[in-house]
2 protein chains.
Amino acid sequence: MTNKDPHNSSRLMSISAVERDCGLAKDTLRVWERRYGFPNPLRDHHDERLYPADQVVTLRLIRRLVEAGHRPGKIVGRPDKDLTELLRHVGVPAVQTIGSEAKQVLKLLGTYDAVGLRELLNAIVLRAGLGAYAAEIGPGLAEAVGAAWSRGELEIHQEHLFTEQFTTVLRSAIHAAQGAGLPRRRPRVLFSTFPQEPHALGLLMAEAMFTLEGCLGISLGVQTPIPEIAAAAKAHSADILALSFSSMIPAPQAIAGLTELRALVPENVEIWAGGTCPGLRPKAGFRVFRELSAIAPGVGAWRSRAGAGTPT
Amino acid sequence: MTNKDPHNSSRLMSISAVERDCGLAKDTLRVWERRYGFPNPLRDHHDERLYPADQVVTLRLIRRLVEAGHRPGKIVGRPDKDLTELLRHVGVPAVQTIGSEAKQVLKLLGTYDAVGLRELLNAIVLRAGLGAYAAEIGPGLAEAVGAAWSRGELEIHQEHLFTEQFTTVLRSAIHAAQGAGLPRRRPRVLFSTFPQEPHALGLLMAEAMFTLEGCLGISLGVQTPIPEIAAAAKAHSADILALSFSSMIPAPQAIAGLTELRALVPENVEIWAGGTCPGLRPKAGFRVFRELSAIAPGVGAWRSRAGAGTPT
DNA sequence: CTCAAATCTTTGTCCTGGACAAATACGCCT
DNA sequence: AGGCGTATTTGTCCAGGACAAAGATTTGAG
C-alpha cells in the first residue's frame, strides 16, 4: 500500500494533501497541469508530484475564483497579482461593516481558541439577533475566513473549525428560537440538499430565516437522495421544500434535480431553491431565492396565498 | 464537463455515486475489479461502470469487514452469506443490552424524524448519564446504525443524520457538564486528530470522558497538522494531547505521526492515543487507550503522579 | 517460549495519455 | 432584449502499469 501524505513537511505536499487542502480533485490537478502548464510540481524519485507551498496558495486563489464563477482556462497560469486583483471583485462587499468582528475571528482562529470563538459568536448572535447573524454577519465572516485561507493566512482545518463553531452557535440559537414564545405555524418547511451537495451552512442559515418567521421546520440533513426527499415531504406533509445549493453542483444538474423532485411531490407543495449557484435560474415548478432576506417576505406571501395560515 | 451522478435512478449507480455511498475510492473499486473480479459492474454506452444495487450492498459489507481489519484479498468476491457470517463476529457485542434503543433509533431514521431522534438521545443522556452515553450507548448505537447501513436497511445520509444528532446531543451535554458545579482543574487536555483523520465522533466521546473527570478541555477540531498541534499545545500549556484514530489511518503512519509530535513537545506533556485503529500499539513516548473506560483511571493516575493536581 | 529482525505477499495510490459528454460561451435570428 | 443552435471549454472516466507501504510469515536470538 502507499498512503501518500506526510509530505506536508518541508513545504512540499503530495497530490492527495493538495486535494484535501484546496478541494481540487486529483484528476483536475493533473489535467490542469497538462493543459495549462500549471500547477508545475516537482517530482520525487518515483515521479510522484510534490507541490511547493507557493503553488498551493495560488491554487487556493484559483479555487475561490472558480467557485465564484470564473473559468479555469482564463485564470489558471496567471500570476498571483492578477488573481488577487480579480478576487477583489468577488464576494460579499459588506466586509468593512463587520471588519472588527472578522478581525477578532481571525485572531481567535490563529490562537486555536475554539472556546473564545464560540463565546464571541454567541455574543454576536445575542447582540445582533438571529436574523442579522444568519443573513449578514455569518456570510460576511465566512467570506472573511475563506479569503484569509486563500491568501495563505489560515489553514484549511482552521476554516473547518470556524464552520463548526459557527454552526453550533447557529443551531443552538435556532433551537432557542423554536422554544421561545412565538407559536409555530405553517408553512411546514422541509430542509435538505441533493446528494452532490455536502455543505450544511447555507441550509442552516435558511432554516434560521424560516424559524424567525415562525415556520415549522424539519431538517433532513444534507445529501438526501431525491426520492427520499419526496417521501419525507409526504410523510411530514410539508408545504415547502427548501433546497440549498453551492457551486459544487452545476446549474443544469440542479435544475434537473429540482424538476425530478417537482414530478414526485403534489402540486400544492412548493419548491424553494437558494444558495450560491452561479446561473441557477427560476423555472416553472420552483422558485429561486438569491438572498436570505427574501425568505421572510416569501413566507408572508405564502401565508396570504394559503389563507389564514392554519395553526399546526 | 461530465458530472456523473444522477445514476442513482433505476437502481444503477455511477462509480462516483458508489464512492460516496460505500466510502471506497474509485481507484480501489477499479483495482478490485481487475484483481478479484468483483465488483462486476455493467457498462453504459461509453464503457462507464454502472453498479447494480445488490453489488453496492455487498461492497458495503466488504467495507465494514475491511474497516474491522479483514483483508480484501480474503473476502472480496465471497458470497454475501459468508460476509454476513464474518460480520457477526465483529463490532461491539453489547448490542442486545441496548437493543430497544437501537430499534427506536433505526425507526426514527426510517421516518426521517431528526427532531424525534434528538429528543430520544437527549432522554437517554439524561437517564443514563454522560459517561454511559459516551462510552457505551453511543458506540453501541453507532454500531447498530452502521450495521443496518451495511445490510442495506439504511442509506448513507441517514447514518450521517444519526451522527449529526448524536454529536449535537453529546456536545451540549459536555457543555452542560463543563458549566456544572464540579470545579475544573488540571490536567489540561488538548483534543484533535491528524490530517488524514476526519472522524470527530471518537474525539468527542473522549472529550466527554475527560470532562467527567473535571479536566480542562480544549478542542482543536479534526485534521490538525502535527506542527500546529504542537504549537497549540505550547500556547495553551497543555498537559495531555489526546489524539483519536480510526482505521482511516494505518497503524505505522499513526505511530510515525505520534513520534513526530513527541519530538515537538516538551517531555512533561503526555501523548494519549485512542480509537479503533487495528494494530496501534503503545510505544515509548505515548500511551494507547483501547477503551474509553480506561480514561478515568488514567486521569486519576496522572493526578497522583503530578502531585496534588494544581487548580486551574 | 517470546520477541524482534528479515523476507515475502498483499494492497492502495499514483502515473500517463486518451476520450467524451456535460457545461458554458458565442453568434444568430426573431 | 431574449430564445436557439453551434463551437469551445472542462471535469470525470477509462485502461493498464508500477511501486512502496502495510501486513503476514518466517527466521533467528536470547
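Lettering follows sequence order; numbering is per chain, from 1.
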- Message: Please pick, from C:dG12, C:dG18, C:dC15, the nucleotide with the shortest atom-to-atom distance to any side-chain atom of A:Glu48.
- Response: C:dC15
- Rounded to whole Å, the CD-P distance (B:Gln196 to D:dA22) equals 10 Å
- Of the nucleotides D:dA22, D:dC14, C:dA25, which has the atom closest to the B:Arg43 side chain? D:dC14
- Query: If you look at every strand shown and take non-hydrogen atoms under 4.0 Å, does B:Asp27 touch a base, only sugar-phosphate, or nothing?
  - Reply: base
- Message: Without decimals, in angstroms, what is the distance between B:Arg20 CZ and D:dT12 P?
- Response: 12 Å
- Nearest whole angstrom, please: distance from the P of D:dC19 to the NE2 of A:His46. 5 Å
- Message: Can you identify which nucleotide, out of C:dG12, D:dT9, D:dA24, has its nearest atom closest to the B:Val31 side chain?
- Response: C:dG12
- Query: Checking side-chain contact (heavy atoms from CB on, under 4.5 Å) for the pair B:Leu83/B:Ile75: CA distance, chi angles, key distance, verdict?
  - Reply: CA-CA 7 Å; B:Leu83 302 177; B:Ile75 55 172; 4.0 Å; yes
- Query: Nearest-Å distance, CG (B:Leu65) to P (C:dT10)?
  - Reply: 19 Å
- Nucleotide nearest B:Pro72 when distance is taken to its side chain, options C:dT11, C:dC14, D:dG23: C:dT11
- Message: Let's see if you can work this out: which of D:dG23, D:dA20, D:dT10 has an atom nearest to the side-chain heavy atoms of A:His45?
- Response: D:dA20
- Roughly how far, to the nearest 0.5 Å, is OG of A:Ser247 from CD of A:Glu197? 8.0 Å
- Message: Counting distance alone, no hydrogens or angles: does the base of C:dG12 have a donor or acceptor under 3.5 Å from a partner atom on the side chain of B:Arg35?
- Response: yes
- Task: Check the distance between D:dC13's P and B:Leu29's CG and give it to me in whole angstrom.
- Result: 11 Å
- Tell me: CD1 of B:Ile62 to C1' of C:dT10, nearest whole Å? 16 Å
- Using a cut-off of 4.0 Å on non-hydrogen atoms, how would the nucleic acid contact of A:His70 be classed: base, sugar-phosphate, or nothing? nothing
- Task: Nearest whole angstrom, please: distance from the P of C:dT9 to the NZ of B:Lys74.
- Result: 12 Å
- From the candidates D:dC13, C:dA23, D:dA22, the one with an atom nearest any side-chain atom of A:Gln253 is C:dA23
